[in-house]
Amino acid sequence: MAKIYSKDFIESTNDLKPKEETVNFLLNYSKALSVINCNKLKFETFLN
Amino acid sequence: MQHEIIPDATLVVNYINGSENALETLITRHKQKVYSFIFSKVYDRDVAEDIFQDTFIKVIRTLKRNAYNEEGKFLPWVMRIAHNLVIDYFRKNNRMPKFDNSNDFSIFSVLSDGDLNAEKRIIKEQVENDVRRLVDELPEDQREVLLMRIYKDMSFKEISEVTGVSINTALGRMRYALINLRKVIDKHNIVLTD
């Protein structure tokens with residue numbers, strides 16, 4: 001893969017983090033997901 | 001006052017036991033490292049965002065299914081998932097290369113329908129008719145050379161043999177034929193393009 005060494009690129013990579021909505025989505029996804037154990041099977045269900 | 005940092009392992013256990021805040025702490029703590037790692041491979045913010053999201057979806061599902069084997073290495077485990085997803089992304093992209101039209105180069109500038117549409121066909125016919133009428137106006141010797149050279153694709157050597165003149169004369173007639181055509185075209189402002 002090509003490496004990019006330009007100054008702009010280095011500056012722009014200093015503050016790399018995901019968007020707030022991505023993190024919120026993950027937290028909501030986690031809250032909505034529940035795993036039900038049934039005998040030896042595991043079922044994933046989503047709550048709205 | 002010194003804040004005590006809760007270790008990842010404890011947060012993982014708390015999360016498995018139902019504490020959603022523990023997950024928030026884990027994501028907040030590691031999001032920059034994970035996202036930077038992904039971005040350093042794909043160099044695309046949107047793709048990095050997608051892979052970051054998929055990484056943590058895998059993390060969440062594994063933890064909720066109680067399938068995570070805690071060895072005190074939460075971050076390396078997350079990084080490994082991210083790494084695998086980056087590889088998946090490149091594999092998928094190699095199979096189906098995408099053309100990015102956001103740059104100066106557009107694939108549609110080199111791909112075009114070679115067939116003429118109805119309008120272009122009519123224009124082409126009109127141009128050809130005009131050229132034919134102009135050629136008919138030329139003196140006989142010049143017209144003869146031009147027809148043989150352009151329409152019959154004969155060499156000047158062949159033309160000279162058929163017409164019984166020297167190659168230089170045939171070349172001269174061709175030259176005058178073209179000059180005369182240009183003169184008539186300029187004089188009458190004829191447009192011979194589509």
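Proteins get letters first, then strands, A, B, ... in listed order; numbering begins at 1 in each.
- With rounding to the nearest 0.5 Å, the separation of CD in B:E24 from OG in A:S30 is 10.0 Å.
- For B:K31, the NZ atom sits in a packed shell: over 12 heavy atoms of surrounding residues, nucleotides or ligands are nearer than 6.0 Å.
- With a 4.5 Å cut-off on non-hydrogen atoms, B:D46 touches chain A through its side chain but not through its backbone.
- The side-chain heavy atoms of B:R61 and A:Y29, taken from C-beta on, include a pair separated by under 4.5 Å.
- Among all heavy-atom pairs drawn from A:L16 and B:Q32, the shortest one is O-CG, 2.9 Å.
- Between the side chain of B:E49 and the backbone N or O of A:P18 there is no donor-acceptor pair closer than 3.5 Å.
- Cluster annotation: B:V131 and B:L146 are assigned to the same hydrophobic cluster (Ile/Leu/Val/Met/Phe/Trp/Tyr, side-chain heavy-atom contacts under 4.5 Å, transitive).
- By the neighbour-count criterion of 12 heavy atoms within 6.0 Å, atom CD1 of B:I150 is densely surrounded, having more than that number from other residues, nucleotides or ligands.
- For the pair B:I57 and A:F25, the minimum side-chain heavy-atom distance is below 4.5 Å.
- When all heavy atoms of B:I27 and A:L26 are compared, the pair lying nearest together is CD1-CB, 4.1 Å.
- Residues B:L181 and B:I179 do not share a hydrophobic cluster, defined by chaining ILVMFWY side chains whose heavy atoms lie under 4.5 Å apart.
- The 12-atom threshold is not exceeded at CD of B:E119, counting heavy atoms of other residues, nucleotides or ligands nearer than 6.0 Å.
- B:F39 contributes atom CZ, which lies 14.5 Å from atom NZ of A:K17 (distance to the nearest 0.5 angstrom).
- At a threshold of 4.5 Å between side-chain heavy atoms, the hydrophobic network of Ile, Leu, Val, Met, Phe, Trp and Tyr places B:F52 and B:Y43 in one connected group.
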